[in-house]
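Below is one structure, written out as structure tokens; comments come after it.
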Amino acid sequence: MTPIRRAAAAGALAALMCVSAAPLAVAQVAGGDSPAPTTWAPLWVASPAPPRFDGTPEAPLSFDDQTVRQDIRVGAAASGLRLRVSNEVGEDVLSIGAMTLAGPDGVARPVTFGGLTAVDLPAGQVLLSDPLGVRVAAFEVVTVQTWLPGPTRGAVRRTPVRLGDGRTDVPADAPLTRRQSVISAIYGVSDRAPVVVVALGDSITEGATSTLGADADWPSVLARRLHAVCPGGYVVLNAGISGNQIIRHGRSPSALMRLDRDVLSLPGVDFVILIEGINDIRHAGDPSRPGLDAGLVILGYRQIVDRLDPHGIRVLGGTVTAFQDSERYDVRSADARRALNAFIREEGVFAGVVDFDAATRDPERPEAMRADFSRDDRLHPNDAGYRAMADAVDLDLLAHPDSGC
């Protein structure tokens with residue numbers, strides 16, 4: 001990096017960090033035609049997660065002089081957009097050579113950061129882009145292309161991406177793969193903020209086993225259900241990370257640690273649907289290393305509710321799905337799962353209950369997920385299982401006066 005670029009990037013970083021610290025409440029967007037005050041809301045998120053190092057020499061989980069294309073479906077209408085780039089849990093400087101965003105009109109616009117098209121973002125930092133005057137309707141797709149000129153490991157959760165060598169325009173029919181990238185959120189500005197629902201969970205929420213690129217994870221299916229009955233009234237954000245736990249750190253910081261970053265830092269969150277704990281209570285691949293007691297996970301549930309309640313965020317408790325016949329199932333973890341679900345259903349700590357377990361379990365073998373709802377690992381749902389999970393959400397639990405419905 002040249003001294004000139006380094007100085008410019010440092011100045012941009014300082015400027016953008018000041019912007020990031022300011023509330024995303026009221027703003028005007030260049031290119032917009034409405035003089036009325038406007039409100040920023042999150043339209044899509046991908047929670048930060050440490051880089052994965054489990055690739056192979058033939059299929060490395062890193063980028064090097066490549067362009068990463070992401071076709072992202074936004075959750076609500078907006079008259080302007082802004083991107084959030086995360087290196088919060090990265091280990092090295094994140095060098096972005098160039099980034100563009102194309103809206104539904106197909107026109108690729110340069111994404112800038114304090115006026116710069118190229119920036120170096122130190123580990124532990126985050127940047128908001130300058131606003132872009134791009135209009136989108138709910139569930140329309142925007143295409144973001146990011147040129148990463150040097151060796152780079154993404155530090156957000158895995159999402160569908162397409163890759164091209166060098167600085168290039170990656171075609172829409174390039175092979176699709178599931179990889180970590182660098183964009184952690186898209187914000188939209190409009191004169192009507194949607195009701196914001198955050199799905200907080202692990203791989204079952206991330207949709208790690210759903211059909212790639214089909215928006216078949218349960219938060220996406222729930223978003224379509226809500227839009228059908230209340231067009232434009234809601235946005236559902238997927239804050240799932242594979243392997244995540246309530247108490248312990250695994251491949252990512254625990255839910256308790258990431259709560260401020262992945263929920264409270266987002267503007268206008270109204271509801272959280274929480275389904276976690278299965279990774280806490282299972283053994284660590286070795287029965288002699290048992291999972292946590294249910295009581296510790298329940299303490300974590302209480303902490304999440306207590307920390308979100310002062311912000312006016314209602315937490316719906318999702319029951320833990322069955323996993324008999326999966327690799328790390330044992331009697332102890334089965335007992336813990338029943339204890340967690342009894343607490344979620346009966347103790348009244350949550351603002352409401354989403355009984356994902358009842359919706360997906362085998363009625364003949366209640367410790368197992370239905371075979372037609374499960375992947376071969378007997379732990380993760382397939383697309384049909386994700387639909388059943390989304391259908392298990394009583395939409396009345398998400399009723400809100402600001403939805404307009």
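Hydrogens, waters and symmetry mates play no part in the numbers below; they use all other heavy atoms, side chains included.
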ask   = To the nearest 0.5 Å, what is the distance between CG (D362) and CZ (R378)?
value = 7.5 Å

remark   = Heavy-atom nearest pair, P267 first then P42, reads O-CD, 3.2 Å

ask   = If you measure from the Lys or Arg side-chain nitrogens to the Asp or Glu carboxylate oxygens, is any gap between R251 and E206 under 4.0 Å?
value = no

task = Indicate yes or no: at least one non-hydrogen side-chain atom of R52 is less than 4.5 angstrom from one of Q180.
result = yes

note = Tightest non-hydrogen contact, residues S95 and P149, listed as O-CD, 3.5 Å

ask   = When you measure from the side chain of N279 to the backbone N and O of N244, does any donor-acceptor pair fall under 3.5 Å?
value = yes

ask   = Are the side chain of Q145 and the backbone N or O of V170 linked by a donor-acceptor pair below 3.5 Å?
value = yes

request  = Report the C-alpha separation of L226 and V235 in whole Å, then their side-chain angles, then the decisive distance to 0.1 Å, and conclude whether the side-chain contact (heavy atoms from CB on, under 4.5 Å) test is met.
outcome  = CA-CA 8 Å; L226 285 164; V235 63; over 6 Å; no

query = Of D280, I278, V297, D335, which is the lone residue that meets side-chain contact (heavy atoms from CB on, under 4.5 Å) with L340?
reply = V297

message = List the residues meeting salt bridge (charged side-chain N to carboxylate O under 4.0 Å, His left out) with D357, not counting sequence neighbours, and say none if there are none.
response = R337, R345, R361

message = How long is the straight-line distance from CG of N87 back to CG of D92, given to the nearest 0.5 Å?
response = 8.0 Å

query = Can you find a side-chain donor-acceptor pair between R258 and S252 that sits under 3.5 Å?
reply = no

request  = Please collect all ring-ring contact (aromatic ring centres under 6.0 Å, His included) contacts where either partner lies in residues 294-349, sequence neighbours excluded, each pair once.
outcome  = Y301-F350, F323-Y329

message = What verdict does the side-chain contact (heavy atoms from CB on, under 4.5 Å) test give for V269 and L264, after you've listed the backbone C-alpha separation in whole Å, the side-chain angles of each residue and the deciding distance to 0.1 Å?
response = CA-CA 7 Å; V269 175; L264 291 175; over 6 Å; no

query = Hey, is the main chain of F139 close enough, under 3.5 Å, to the side chain of R73 for a donor-acceptor pair?
reply = yes

ask   = Short question: side chain of R192, backbone of S403 - any donor-acceptor pair under 3.5 Å?
value = yes

message = As a test of understanding, state which of T205, V315, L274, L308 forms a side-chain contact (heavy atoms from CB on, under 4.5 Å) with L200.
response = L274

task = Quick one: do S210 and D383 satisfy side chain to side chain donor-acceptor pair (under 3.5 Å)? Show the steps, please.
result = CA-CA 5 Å; S210 62; D383 289 0; 4.9 Å; no

query = So do V354 and I275 actually touch side chain to side chain, heavy atoms under 4.5 Å?
reply = no

inquiry  = Please report the interatomic distance OH(Y187) to CG(L43), rounded to the nearest 0.5 Å.
reply    = 10.0 Å

Side-chain donor/acceptor of R82 to backbone N/O of V189, under 3.5 Å = no

ask   = How close do V196 and L237 get, heavy atom to heavy atom, and via which atoms?
value = CG1-CD1, 3.7 Å

message = For D173, give me all partners under salt bridge (charged side-chain N to carboxylate O under 4.0 Å, His left out), at least two apart in sequence or on another chain.
response = none

request  = Identify the two heavy atoms, one from V136 and one from A76, that lie closest to each other, and give their separation to 0.1 Å.
outcome  = CG2-O, 4.1 Å

task = Would you check if the side chain of R109 reaches a backbone N or O of V134 as a donor-acceptor pair within less than 3.5 Å?
result = no

Student check: side-chain heavy atoms of L222 and I273 closer than 4.5 Å = yes

ask   = Is L316 close to L398 at the side-chain level, that is, under 4.5 Å between some pair of heavy atoms?
value = yes

ask   = Judged by atom type as modelled, is there a donor-acceptor pair below 3.5 Å linking the side chain of D293 to the main-chain atoms of L296?
value = no

message = Is there a side-chain contact (heavy atoms from CB on, under 4.5 Å) between M99 and F113? Walk through the geometry before answering.
response = CA-CA 10 Å; M99 182 180 289; F113 303 88; 4.2 Å; yes

task = Of all the heavy-atom pairs spanning T209 and R375, show the shortest one and how long it is.
result = O-NH2, 2.6 Å

query = Would you call I304 and I246 a side-chain contact if the rule is heavy atoms closer than 4.5 Å?
reply = yes

query = Between the main-chain N or O of G166 and the side-chain N or O of T67, is there a donor-acceptor pair closer than 3.5 Å?
reply = yes

task = Would you please say whether a donor-acceptor pair under 3.5 Å links the side chains of T319 and N341?
result = no

task = To the nearest 0.5 Å, tell me how far S254 OG sits from E276 CD.
result = 8.5 Å

inquiry  = Taking A49's backbone N and O only, do any of them form a donor-acceptor pair with R157's side chain (distance below 3.5 Å, no angle check)?
reply    = no

ask   = With a cut-off of 6.0 Å (strictly less than), are more than 12 heavy atoms of other residues, nucleotides or ligands near CG of D376?
value = no

ask   = Considering only heavy atoms from C-beta outward, does the side chain of D71 approach that of R162 to under 4.5 Å?
value = yes

query = Yes or no on side-chain contact (heavy atoms from CB on, under 4.5 Å) for R307 and V263, after CA distance, side-chain angles and deciding distance?
reply = CA-CA 11 Å; R307 286 168 58 186; V263 177; over 6 Å; no

key: Reported CE-to-CG distance for the pair M257 and D262, which is rounded to 0.5 angstrom   = 12.0 Å

note = When every non-hydrogen atom of P219 is compared with those of A199, the smallest separation belongs to CG-CB, 3.7 Å

ask   = Can S326 and D377 be said to form a side chain to side chain donor-acceptor pair (under 3.5 Å), step by step?
value = CA-CA 6 Å; S326 68; D377 66 3; over 6 Å; no

remark   = Value for CG (L176) from OG1 (T159), rounded to nearest 0.5 Å, stands at 9.5 Å

task = Give a yes or no on whether the backbone of S333 and the side-chain of R282 come within a donor-acceptor separation of less than 3.5 Å.
result = no

query = Should T168 and W147 count as side-chain neighbours, where that means a heavy-atom distance under 4.5 Å?
reply = no

query = Thinking salt bridges, do D330 and R332 make one under a 4.0 Å N-O criterion?
reply = no

message = Any heavy-atom pair between the side chains of R261 and V126 that's under 4.5 Å?
response = no

request  = State whether the number of non-hydrogen atoms from other residues, nucleotides or ligands found under 6.0 Å of E327 atom CD is greater than 12.
outcome  = no

